[in-house]
Structure formats: structure tokens, C-alpha cells
Amino acid sequence: MQLNRASYENIFSGAARILRENDTGSSTKPAPRLYPHQWNWDSAFIAIGLSHIDDKRAQLEIASLLDGQWANGMVPHIIFNPESTGYSPGPDYWRTHQCPDAPKGTLTSGITQPPILAFAAYRVFKNAKDRNGALDFLRSIYKKLIHYHEYLYDVRDFKKEGLACIIHPWESGMDNTPSWDDLLKRIKIERKPEYERIDKVLISENQRPTDKDYDAYSYLVELFRSLMYDMEAIKNKSPFLVQSVVFNSLLLASLKALKSIGTEIHEDTGRLDDWTALTENAIQTKLWNEEAHQYFDYDVLHQESIRRNILSNYLPLFAGSVVREKAERMIHLLLSQDTFWPQNGYPLCTVSMKESEFNPQNYWRGPVWINMNWMFIEGLAQYGYHNAAEDLARKTLDLVTNSGFYEYYNPLNGEGLGSDRFSWSASLVIDLIETHLSGRS
Ligand code: 2M8
């Protein structure tokens, strides 16, 4: 049987419908009710899928995110839609409008997310049918993208080692991954922060972070708010400072894309090569663990590697920055039925099944996420593992065909979890169908 674009007609049109339903005009909500604003890395993943349907709308997704850019270059993790309510913490909690760097007239959070934006912008360009329009788009965003990366190196590379630091679990995008457990437990919360949790009203509690996690998340936001989001002060006072693998891998992938963008539009790509070499080297020297054959997040305050076997430790494969011999060892672990690829279930678990914290139903503690699978499909293909990449793409499409466009899935039985009609699940399915199926059965 030939499985190609035509075999997935229904799933493709279902995905396109979800993107239309979650469209607010210039941006796309990650989910209809649970996430009613614009999120940073969601919009990047969404733009990639949209680019197969409508060039201009994909470009607008990225441009609208950049409208929320701060004067210091930061692209925030959430841009609030003033017409949407029902998400907490909202703009009243973040209170970023008090901060001189925050954009005027746009309400945003005060932190960022894994920087895959430039990578997505380049994909949007490559997929465009109108080449001239797409070049204009690149010209209109290039300086803003450079400014974002200047921020990541000049402001966020606290140790001046070529590794951007994250200051909050939300900046990793993998909010309650077990890698943050010990760090969060160590935070001394003197006064319980005041917040409400709407997520638990919409989604089963056993699929979401705990209240203890939320105490820590909110405590950190209240701390940053009290410091007026001043990064020098946060660097000295925050109990959460991590050189994260997911963040720096996506940064690397974006730097390479940014260089291609600059070359396309004949712009100066000056600092990009230096940054790339610096970060590539720092990932190899500081984050690589020879014994475990993988990269580990690094806890800057306690000066130790965070030794949890989680899927994002392998993301340097997506950035294409792993030498072949290391890559082969990592891919062997990744495809193993003991760790991330359950024998009778669905790959890839976000936490190794061998870790005691592995939980097949809880958020970033084990379930399959489509964006992660998508990045590994790209990574495996880059390293010449075309059969494994296609296997993973088909398994991912089977999962969505059987269970729907969920936020995440139980890897053991395929059950859909979290929010239904989740935008990046829809968008990346479109990209998988369009670019990752060879037509082999
Ligand atoms: C989740 O994070 C938000 C906070 O940013 C939340 O739980 O309320 C994460 O899965 C994150 O990666 C994602 O960008 C966001 C929106 O989909 O939801």
C-alpha cells in the first residue's frame, strides 16, 4: 500500500480546520479554551504548518509575535489577547506594563520560550509559493530576529560561555519535566503566592502540574515582577538558573537558519558564525555527558548537571550539531524499546520509561508530544536515518488518526490528553504529510 499525501486527506483537512478555528486573525491560539492567547514557540510551530496552506497567513503568525518584542530584544513567551479571558496568570499578574522595556500598547508576559522562531521563519520562506513576497517578509523581520538573538547572547548568556540561561520552567516549554523537580523543591517560598488555577477546571488534575509546582512557578513570577524584570537583578536573585539543552539546541537551529536568511537577503551575518561556534562548542563541552551518552541540563546555581534521562537531552540532533559517532550512540538509545519507544505503544516518550518519575499521563513527565516527535523526525533524517524518521512520522500520524489532535498522548495506549484541538499538533501533522512521507509503504 502506498501511503502518501492522498492517504491522509481527511487528517490533513481536519488539521487545517483546527488551525482555522483557533485563528484569531493575526495569531493562532494554541488551544480553544485552555490557551486563549498567543504563545511564542507555539506560533513558530504553527507558522510551519500554515505555510503549506497560506504563505501570507504563515508570515503574519510570525510578524504578530514579533509585534510583542521588548525594547531589549526579548520576544515574550505570551502575548495576551485583550479580548480573551480565562487564562491564569494573566496580564494583571505579570504587570509587565510597568517595565520600561515592555512594548507600549501590547500586553505580554515577562519571560521568553525556546527560540525556534528564526528556524520557523526560514521554513515559512522556503515553503512560500510567492518568492518575492517571501523575500519581502524576510526583509521585514531580519533585524528584529537579530535583535532577539543579541538579547539571548548579551543578556541571557549569564556565564558568557555561549549558553543562554533560562530563569523559569516555563521558558523551557516543558513546564513540569522531572529535570526541574529538585530545583523547585529547593526554592524557599516564604509567602504563598496568590494565584488561581483555571487549568484544573478544564483538564483532569492528574494530567497537569501539581499545586506545589504552581506555587514555585508563581513565586518566580512574583519575584521577577518585584524586580521589574531587570535581568541583572534576576541573575543575582533567582533560585532557578539553568543552561538548558532544549533552549540552546533550538537556539543553534535558529542561528543556522538566520544565517541562511541573512544570505538570501544580502544582509550582514556578522556575529552569527561566532555565536554558532561558541554555542556548538559549549554544548559539546559543558552539557555532554560521556558516560550517559547524552546532554544534560546544567543547574548554574548549584553548579551541577541535572542527570535525568529525558527526551530533550537528545535535541542537539535536531540542531545537527552532534558528531556522527556520538549521534549514533544517542540514536541507539532514542530508538530503544526500554527508554523512549514503547514496544506496543507510541513513540517518543518525553521521559525515559526507566526513570522513576516516568508518568504516561502527566504533561511533560512522559506523554508523547507532537512537536518533540517532529523535531526528532527532522533530526533522524538529517543524520541519514531515513527509515527510522519515516517510521516515527507514520507512528505519529497513526496516533493522531486514532485519537485526534490532542495536546499530548499516553505513549502506552495512545489516549489523547490535555486539550483537544491543539494547534501545533494540527500544524505539524500538516508538515509531516507535506514533507516527511516518501510514499514508501
Ligand atoms: C504550556 O505552558 C503554559 C505556560 O506557558 C501552561 O501550562 O499554562 C507548555 O506546554 C508550553 O510549552 C506551551 O507553549 C504552552 C501553550 O501551548 O502550554
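Position 1 is the first residue of the sequence, and the numbers go up from there. Being a predicted model, the structure only gives us computed values, none of them experimental.
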Nearest heavy-atom neighbours spanning [X] and [Y]:
X	Y	value
His37	Pro30	O-CD, 3.1 Å
Asn373	Leu348	OD1-N, 3.1 Å
Ser51	Asn127	OG-ND2, 3.0 Å
Pro411	Gly366	CG-O, 3.7 Å
Gly173	Pro114	N-CD, 4.0 Å
Glu61	Gln38	O-NE2, 3.3 Å

Within a reach of under 6.0 Å around CZ of Arg225, are more than 12 heavy atoms found that belong to other residues, nucleotides or ligands?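 Result for CZ/Arg225: enclosed.
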
Check the side chains of Tyr229 and Asp101 for a donor-acceptor pair under 3.5 angstrom, ignoring hydrogens and angles.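 The answer is no; no qualifying pair exists.
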
Residues Gln243 and Lys159: side-chain donor-acceptor under 3.5 angstrom: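 No, Lys159 and Gln243 have no side-chain donor paired with an acceptor closer than 3.5 Å.
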
Less than 4.5 Å apart, any side-chain heavy atom of [X] and any of [Y]?
X	Y	result
Glu390	Leu380	no
Ile167	Phe158	yes
Pro178	Glu355	no
Ser425	Val400	no
Ile261	Glu267	no
Tyr383	Val322	yes
Ile306	Leu183	yes
Leu107	Ile79	no

Among Leu317, Asn313, Leu315, which one satisfies side chain to side chain contact (heavy atoms under 4.5 Å, CB included) with Ser249?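 Per the side chain to side chain contact (heavy atoms under 4.5 Å, CB included) rule, the option paired with Ser249 is Leu315, out of Leu317, Asn313, Leu315.
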
Out of the candidates Glu280, His149, Lys259, only one should pair with Trp275 under the side chain to side chain contact (heavy atoms under 4.5 Å, CB included) rule; please name it.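 Testing each of Glu280, His149, Lys259 against Trp275, the sole residue satisfying side chain to side chain contact (heavy atoms under 4.5 Å, CB included) is His149.
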
Any donor-acceptor pair under 3.5 Å linking the side chain of [X] with the backbone of [Y]?
X	Y	result
Ser13	Asn10	yes
Asn248	Ala164	yes
Thr276	Leu272	yes
Asn362	Arg365	no
Ser244	Phe247	yes
Tyr406	Ser403	no
Lys256	Ala319	yes

Just verifying a value: how many Å separate [X] [atom1] and [Y] [atom2], rounded to the nearest 0.5 Å?
X	Y	atom1	atom2	answer
His293	Trp288	NE2	CH2	7.0 Å
Ile48	Arg123	CD1	CZ	6.5 Å
Phe240	Asp299	CZ	CG	8.5 Å
Ile377	Lys395	CD1	NZ	12.5 Å

Working note: Phe45 + Trp369, criterion ring pair (Phe, Tyr, Trp, His ring centres under 6.0 Å); need CA distance, chi angles, decisive distance, verdict. CA-CA 12 Å; Phe45 290 124; Trp369 284 76; over 10 Å; no

Taking the six-membered ring for Trp, are Phe422 and Tyr35 parallel (under 30°), tilted (30 to 60°) or perpendicular (over 60°)?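 Phe422 vs Tyr35 ring planes: perpendicular.
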
Could you point out which residue of Trp70, Tyr151, Trp170, Tyr148 forms a side-chain hydrogen bond (donor to acceptor under 3.5 Å, both in side chains) with Thr112?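 Of Trp70, Tyr151, Trp170, Tyr148, side-chain hydrogen bond (donor to acceptor under 3.5 Å, both in side chains) with Thr112 is met by Tyr148 alone.
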
Centroid-centroid distance, Tyr314 to Phe340, less than 6.0 Å: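 Tyr314 vs Phe340: aromatic centres under 6.0 Å.
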
Step by step, would you call Tyr8 with Thr401 a side chain to side chain donor-acceptor pair (under 3.5 Å)? CA-CA 9 Å; Tyr8 291 106; Thr401 308; over 6 Å; no

